[in-house]
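The block underneath contains the structure these notes are about, expressed in structure tokens.
Letters A, B, ... are given to chains in the order of the sequence lines, protein chains preceding strands, and every chain is numbered from 1.
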2 protein chains.
Amino acid sequence: MATIEDVARAAGVSKGTVSSVFSKKRPISKEVTERVLEAARGLNYKPNYWARSLASRSTRIIGLNIRGEPYRFGPFHLALMNGVLRVCYEHGYRLLVNTLSPGYLSQVENLASDPVDGEIILDPSAKGDARIEDRLASGTPLVVIGRPSAEHEAKVSYVDHDNAGLAAGVTRCLLELGHRDILFLNAPELRTVAEDRAHGYREAYRKAGLEPPPQRLLHKPERGTSSHQFGFDAASAMLERHPAITAVIADNEMMALGVYKAAESLGLSIPGELSVFAFSDDAVLFPELSPPLAGVRQHAEQLGMEAAAMLIEQLRSGNSAARRTLVPAELVPRASCSAPAVSPQSV
Amino acid sequence: MATIEDVARAAGVSKGTVSSVFSKKRPISKEVTERVLEAARGLNYKPNYWARSLASRSTRIIGLNIRGEPYRFGPFHLALMNGVLRVCYEHGYRLLVNTLSPGYLSQVENLASDPVDGEIILDPSAKGDARIEDRLASGTPLVVIGRPSAEHEAKVSYVDHDNAGLAAGVTRCLLELGHRDILFLNAPELRTVAEDRAHGYREAYRKAGLEPPPQRLLHKPERGTSSHQFGFDAASAMLERHPAITAVIADNEMMALGVYKAAESLGLSIPGELSVFAFSDDAVLFPELSPPLAGVRQHAEQLGMEAAAMLIEQLRSGNSAARRTLVPAELVPRASCSAPAVSPQSV
DNA sequence: TGAGTTTATAAAACCGGTTTAATGTGGGCT
DNA sequence: AGCCCACATTAAACCGGTTTTATAAACTCA
């Protein structure tokens with residue numbers, strides 16, 4: 001590959017001049033510019049990305065940090081990433097998906113600063129996320145998607161849904177239909193999103209003057225089982241043991257389908273004997289399920305766009321004030337939810 | 001941020017020695033190693049990624065190049081990326097998702113070599129893909145997912161499904177059920193995948209001793225409409241105008257759901273009056289649709305894994321021989337397909 | 001006309017690492 | 001003791017750009 005040196009020689013100018021022609025940081029006369037570009041074209045010269053990054057201390061790459069371990073993206077992350085990509089695309093940034101196995105990261109020979117200007121961190125942990133600690137310590141600009149734990153909340157910018165409010169909304173909706181014993185299959189414990197939703201779920205009961213039923217809040221394990229499998233297993237076990245349960249809130253679509261399957265295998269009709277609500281939505285898919293699945297339209301793409309825009313703005317301005325944006329989401333009731341067949345309490 | 005210089009000074013050794021401690025390229029005595037690591041820890045030193053990349057001419061980053069324009073990932077790309085990520089993860093590579101708007105790429109000041117060691121290119125164009133040309137010219141190692149156009153096929157490594165065979169299989173399956181007028185809503189034109197599937201579709205007719213019906217092969221436009229919308233629009237128009245059509249093959253799930261919707265709005269029952277087959281599959285989702293949707297299980301994750309493994313191996317060995325891997329896929333018939341209600345030809 | 005200022009380019013220092021060639025240093029062998 | 005060699009470490013060159021400082025030419029304006 002031709003270097004800036006070669007081009008300079010071919011055009012009969014100095015390195016600095018060639019650099020200026022490409023970076024436009026200093027005015028160069030029209031004729032010299034022409035001559036340099038000509039030479040560059042002839043040699044098929046392209047500035048070396050790393051050399052440029054090293055000298056200018058900027059990579060125009062932003063990182064997307066998902067939780068460690070052989071993690072797999074789901075539809076939610078997909079939509080989110082599409083949003084991030086779109087904003088990156090518009091602002092000339094590239095996106096680095098950061099999943100490096102802890103094994104690699106811990107080896108001395110792989111230890112290195114991250115090759116990004118800033119990072120978007122997903123699924124913050126409820127107990128002082130190590131990734132956030134690290135970025136704060138090294139001064140890497142960051143934006144979190146989802147509420148960070150209390151200790152970091154005032155220090156970092158983040159984008160989130162009003163998870164507590166949404167969970168309360170879903171729960172209230174079911175309570176108003178007459179359900180009293182609602183099973184909540186929540187996101188993995190130790191994530192703030194799970195905390196917030198659990199909080200909203202309980203709050204809705206209290207606001208309705210009811211006590212939340214005990215033992216009805218389960219968390220998907222951090223790993224070892226798929227959402228679909230967990231939905232099936234948990235719903236099967238709970239519905240069999242506690243026939244009083246008339247409704248289930250599932251963390252996402254796959255989990256909800258696991259619940260559908262469990263209901264089928266137990267001979268429970270939906271929504272006749274069991275109502276199901278998912279904490280996700282797909283305008284095309286959900287209506288086609290039988291029965292159509294009620295969900296929460298999360299606008300993950302919007303979440304991604306906001307986060308990326310926030311980060312890029314932070315990089316541009318150098319201002320790292322802790323901002324917060326809440327993206328609205330809507331409940332979308334569908335046929336999978338109805339009043340329970342037999343009102344358990346006819347007061 | 002502390003530099004290697006600072007660490008060297010603190011430990012009382014030279015830059016080169018510190019470098020060797022971190023890269024392990026040269027043996028350093030135990031005591032010196034200890035002293036250097038100690039100093040590094042004290043200064044919170046991490047080698048600078050860009051400087052290291054510049055000097056060693058390697059980034060340990062591989063690129064994933066999807067088609068330009070505000071492109072959006074779908075479930076297929078998601079699964080594929082999960083596969084790529086998994087292999088990257090295991091081999092200590094990072095993944096750079098490359099979508100830079102043509103506007104940015106064309107500006108002189110943004111012109112630069114790509115910051116990757118090698119690249120995975122998706123959805124090759126049927127007419128000499130410019131991205132492939134470019135990588136071949138600059139000598140960037142690459143692996144293509146999907147068959148490259150004829151002119152490149154012998155020069156690059158690629159991973160693919162047997163698209164022609166699969167399309168033939170789907171078509172034959174429908175022909176054997178008694179369908180004669182099958183509408184094929186294909187991927188966008190000018191992609192090799194569309195060519196191959198069209199070829200398989202026609203081939204199946206011929207092998208059955210039949211002529212493929214004219215005007216039954218439509219391509220989704222490259223942009224401007226979603227798969228779902230195109231499925232609905234195309235199916236609505238065609239089914240209304242040509243009542244002889246008794247089956248539709250749709251390129252993916254969203255398009256198939258568009259067909260479902262079209263059938264519903266025209267009052268056609270599935271599979272009674274119309275059979276539907278999708279060129280994608282989801283073991284959890286498809287069975288829950290009404291009726292359960294027949295599909296082609298593509299193992300996109302496998303595709304991604306193979307491609308990444310191939311590329312990383314190529315980087316390791318320096319051998320850029322053009323290899324090909326075909327990943328098997330299976331037809332999954334479900335209730336959306338059955339014999340046509342009235343055999344159009346009772347021969 | 002000549003001092004003062006602006007403008008275009010060149011030369012050199014720098015970014016933070018890796019790598020090569022040079023320099024000691026001590027051990028083994030005769 | 002003297003020679004050679006292996007080994008650990010250092011000094012310096014290098015990777016390919018950007019940026020600062022210096023210099024030469026051109027342009028004002030009294």
Side-chain angles (χ1 to χ4, degrees), chain A residues 1-37 39-40 43-61 108-117 138-139, chain B residues 1-37 39-40 43-61 108-117 138-139:
Chain A
M1 207 37 160
T3 74
I4 201 172
E5 200 62 75
D6 302 328
V7 176
R9 206 172 310 124
V13 298
S14 74
K15 283 169 58 172
T17 303
V18 176
S19 175
S20 299
V21 167
F22 277 86
S23 69
K24 296 192 177 164
K25 294 233 173 157
R26 207 188 334 282
I28 297 291
S29 69
K30 191 136 175 46
E31 48 184 338
V32 173
T33 297
E34 205 43 60
R35 190 144 45 92
V36 169
L37 288 179
L43 293 165
N44 190 28
Y45 167 75
K46 288 184 175 187
N48 180 302
Y49 204 101
W50 320 309
R52 175 183 276 189
S53 295
L54 174 60
S56 62
R57 294 122 200 287
S58 150
T59 62
R60 291 196 82 80
I61 294 177
V108 178
E109 63 265 43
N110 291 301
L111 193 62
S113 61
D114 270 328
V116 298
D117 289 346
S138 71
Chain B
M1 209 34 160
T3 74
I4 201 172
E5 198 66 70
D6 302 329
V7 176
R9 205 173 308 125
V13 298
S14 74
K15 281 170 59 172
T17 304
V18 177
S19 175
S20 298
V21 168
F22 278 86
S23 69
K24 296 192 177 163
K25 294 233 174 159
R26 206 190 335 281
I28 297 292
S29 69
K30 189 137 177 49
E31 49 184 339
V32 173
T33 298
E34 207 40 63
R35 189 145 45 92
V36 168
L37 288 179
L43 294 165
N44 190 27
Y45 166 76
K46 287 184 175 189
N48 181 302
Y49 204 100
W50 321 309
R52 176 182 275 189
S53 295
L54 173 59
S56 62
R57 295 122 202 282
S58 149
T59 63
R60 292 197 81 80
I61 293 177
V108 177
E109 62 265 42
N110 290 301
L111 192 62
S113 61
D114 270 329
V116 297
D117 289 346
S138 72

Check A:R35 against A:A11 and note the closest heavy-atom contact, atom names and distance. NH1-O, 2.5 Å
Let me see the working for B:N48 and A:S113 under side-chain hydrogen bond (donor to acceptor under 3.5 Å, both in side chains), right down to the final yes or no. CA-CA 6 Å; B:N48 181 302; A:S113 61; 4.9 Å; no
OP1 or OP2 of D:dT10 sitting under 4.0 Å from any side-chain N/O of B:T17? yes
Is there a side-chain contact between A:R52 and the phosphate of D:dT18, meaning an N or O under 4.0 Å from OP1 or OP2? yes
Can you find a pair of side-chain heavy atoms, one from A:T59 and one from B:W50, that are under 4.5 Å apart? yes
Round to a whole Å and report the spacing from CG of A:L43 to P of D:dG16. 14 Å
Pick base, sugar-phosphate or nothing for B:V13, based on heavy-atom distances below 4.0 Å to the nucleic acid. sugar-phosphate
Contact between B:P47 and B:I4 at the side-chain level, heavy atoms closer than 4.5 Å - yes or no? no
What nucleic acid atoms does A:Y49 come within less than 4.0 Å of, heavy atoms only: base, sugar-phosphate, or nothing? nothing
What is the distance, rounded to the nearest whole Å, between atom CD1 of B:I4 and atom P of D:dC14? 19 Å
From the options C:dG17, D:dT19, D:dA8, select the nucleotide whose nearest atom is closest to the side chain of B:P47. C:dG17
When all nucleic acid strands are considered with a 4.0 Å heavy-atom cut-off, which category describes B:T3: base, sugar-phosphate, or nothing? sugar-phosphate
In the structure I gave you, are the side-chain heavy atoms of B:T33 and B:V36 within less than 4.5 Å of one another anywhere? no
Shortest side-chain distance from B:R57, nucleotide among C:dG17, C:dT18, D:dG16: D:dG16
Of the listed nucleotides D:dA8, C:dG16, D:dG16, the one nearest the side chain of B:S29: D:dA8
Please tell me if the side chains of A:I61 and B:P115 come closer than 4.5 Å, counting only heavy atoms from C-beta onward. yes
Counting side-chain heavy atoms from CB outward, which of D:dT18, C:dC15, C:dT19 is closest to B:K25? C:dT19
On DNA chain D, check which nucleotide each of B:A55 and B:V32 is closest to and give me the residue with the more 5' one. B:V32
Tell me the interatomic distance from A:E5, atom CD, to C:dA12, atom P, rounded to whole angstroms. 12 Å
Which residue lies more 5' along DNA chain C, comparing B:R26 with B:L54 via nearest heavy atoms: B:L54
Provide, to the nearest angstrom, the distance between the CD1 atom belonging to B:I28 and the P atom belonging to C:dT19. 13 Å
Write down the distance between CG (B:N48) and C1' (C:dC14), rounded to a whole number of angstrom. 13 Å
Measure the spacing between CG of A:L43 and CE of A:M1 and express it to the nearest 0.5 Å. 10.5 Å
Applying a 4.0 Å non-hydrogen cut-off, can you work out what A:K30 is touching in the nucleic acid: base, sugar-phosphate, or nothing? nothing
Using heavy atoms to find the nearest nucleotide of DNA chain D for B:S14 and A:S20 separately, return the residue whose nucleotide is more 5′. B:S14
Would you kindly compare B:W50 and B:G16 by the position of their nearest DNA chain C nucleotide and give the one closer to the 5′ end? B:W50
Atom pair distance, as rounded to whole Å: NZ in A:K46 and P in D:dC15: 21 Å
hbond_proxy A:K15 side chain to D:dG17 base (donor-acceptor, 3.5 Å cutoff): yes
Side chains of B:Y49 and B:R60, heavy atoms from C-beta outward: is any pair under 4.5 Å? yes
Rounded to whole Å, please give me the gap between CE in A:M1 and P in D:dC14. 22 Å
Please give the angle, rounded to 10 degrees, between the axes at the start and the end of the helix from C:dT1-D:dA30 to C:dT30-D:dA1, where five pairs define each axis. 40°
Atom pair CD1 (A:I28) and CG (A:L37), whose distance is rounded to the nearest 0.5 Å: 11.0 Å
Looking across every strand, which nucleic acid part, if any, lies under 4.0 Å from B:V18 by heavy atom: base, sugar-phosphate, or nothing? nothing
Counting heavy atoms from C-beta on, name the nucleotide in C:dT18, C:dG16, D:dT19 closest to the side chain of B:S23. C:dT18
